[in-house]
Amino acid sequence: MLVTPARPVWAAKDQAARPAADAPGAVFSRLAAAFEAGDASALAALVHREGLAVTDHGERSSEYSPSQAVYYFKNLFQGQRTLLFAYKMTQDDVDGGRARAMAEWKRRRVDSDRVVELQIVLVLALDDGRWRLSEINMIR
């Protein structure tokens, strides 16, 4: 009787060769879906355990722990809804444990017809073998 493991068993010396649980592209897809849905909890669940650095239009920078990130995202979506969230480019080669993507984000205020357009750079970093959101840089 031949028994094969359901998933690979990695020796301690092979930990560096172990593949990431999720490819960056899959995480970028989940981020886009959460932005489109205005789902603060889904976005917060993808935050790196060391936190999230947010730069707002190059003017101010803030850092949020994973538990604080849900409140950041709730505040971000409050009073507006996403019209479009589309990647302009995503990084195909992952270098140094980081992956980047640039997206266009159009949203409308619920109390007016005003449309706000932003360019966003999202940065993923490896976190115990999984890709997690570590930075958001908003550009007007």
Side-chain angles (χ1 to χ4, degrees):
M1 175 176 181
L2 178 63
V3 177
T4 57
R7 60 178 196 214
V9 177
W10 302 94
K13 67 180 180 171
D14 295 331
Q15 287 297 324
R18 184 176 143 194
D22 294 320
V27 177
F28 284 132
S29 292
R30 287 198 297 275
L31 287 168
F35 267 98
E36 288 171 353
D39 191 340
S41 296
L43 286 166
L46 294 170
V47 169
H48 197 282
R49 78 177 136 174
E50 291 181 9
L52 175 66
V54 178
T55 304
D56 190 15
H57 313 297
E59 297 170 8
R60 65 177 189 209
S61 181
S62 302
E63 299 223 2
Y64 301 94
S65 70
S67 59
Q68 293 169 326
V70 71
Y71 299 106
Y72 165 75
F73 289 120
K74 281 182 181 183
N75 187 45
L76 190 64
F77 293 122
Q78 185 177 6
Q80 56 193 351
R81 75 180 170 87
T82 297
L83 300 173
L84 171 75
F85 189 91
Y87 289 111
K88 291 181 150 198
M89 64 178 227
T90 57
Q91 184 179 19
D92 294 330
D93 330 337
V94 178
D95 185 29
R98 291 184 145 346
R100 293 163 187 82
M102 179 175 274
E104 177 181 2
W105 184 26
K106 289 184 185 180
R107 52 199 187 175
R108 177 170 301 182
R109 305 254 341 140
V110 293
D111 59 354
S112 73
D113 287 336
R114 183 171 167 235
V115 174
V116 177
E117 296 182 37
L118 293 173
Q119 303 297 314
I120 297 180
V121 177
L122 302 169
V123 180
L124 303 179
L126 278 173
D127 180 6
D128 195 25
R130 298 187 68 160
W131 291 99
R132 297 290 195 188
L133 182 61
S134 64
E135 295 177 39
I136 297 176
N137 299 298
M138 297 194 189
I139 306 164
R140 283 198 194 262

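FYI, the numbering just counts along the sequence from 1.
Counting only heavy atoms from C-beta outward, the side chains of Glu50 and Asp127 never approach each other to under 4.5 Å. In this structure, Tyr87 and Leu122 have side chains that are in contact, with non-hydrogen atoms separated by less than 4.5 Å. Side-chain contact between Leu43 and Tyr72: absent, with no pair of heavy atoms (C-beta onward) separated by less than 4.5 Å. Counting heavy atoms from C-beta outward, Leu118 and Arg107 have side chains that approach closer than 4.5 Å. Counting heavy atoms from C-beta on, the side chains of Leu76 and Phe73 come closer than 4.5 Å.
In this structure Gln68 satisfies the side chain to side chain contact (heavy atoms under 4.5 Å, CB included) test together with Tyr64, Ser65, sequence neighbours excluded.
Met102 and Val121 get closest at one heavy-atom pair: CE-CG2, 3.7 Å. The shortest non-hydrogen separation linking Val27 to Trp131 is CG2-O, 3.7 Å. When all heavy atoms are compared, the tightest approach of Phe28 to Arg100 is CZ-C, 3.6 Å. Residues Ala45 and Arg132 approach most closely at O-NH1, 3.0 Å, considering heavy atoms. In terms of heavy atoms, Val70 sits closest to Ala40 at O-CB, 3.8 Å. Among all heavy-atom pairs drawn from Ala34 and Phe77, the shortest one is O-CZ, 4.3 Å.
Atom CD of residue Glu135 and atom OG1 of residue Thr55 lie 7.0 Å apart, to the nearest 0.5 angstrom. Distance check: Glu36 CD to Arg81 CZ gives 12.5 Å after rounding to the nearest 0.5 Å. Note that CG of Asp128 and NE2 of His48 are 9.5 Å apart. Values are rounded to the nearest 0.5 Å. Here the straight-line distance linking atom CG of Leu124 with atom CG of Leu133 works out to 6.5 Å at 0.5 Å rounding. Atoms CD1 and CG, on Ile136 and Leu52 in that order, are 4.5 Å from each other to the nearest 0.5 Å. With rounding to the nearest 0.5 Å, the separation of CD in Glu104 from CZ in Phe85 is 10.0 Å.
Thr90 places no side-chain N or O within donor-acceptor distance of the main-chain N or O of Ala101, the cut-off being under 3.5 Å.
Taking a 6.0 Å sphere around CD of Gln119, one finds it holds more than 12 heavy atoms contributed by other residues, nucleotides or ligands.
No continuous path of ILVMFWY side-chain contacts below 4.5 Å connects Val116 to Val110, so the two sit in separate hydrophobic clusters. Under the 4.5 Å side-chain heavy-atom criterion for grouping Ile, Leu, Val, Met, Phe, Trp and Tyr, Leu84 is not connected to Leu31 through any hydrophobic cluster.
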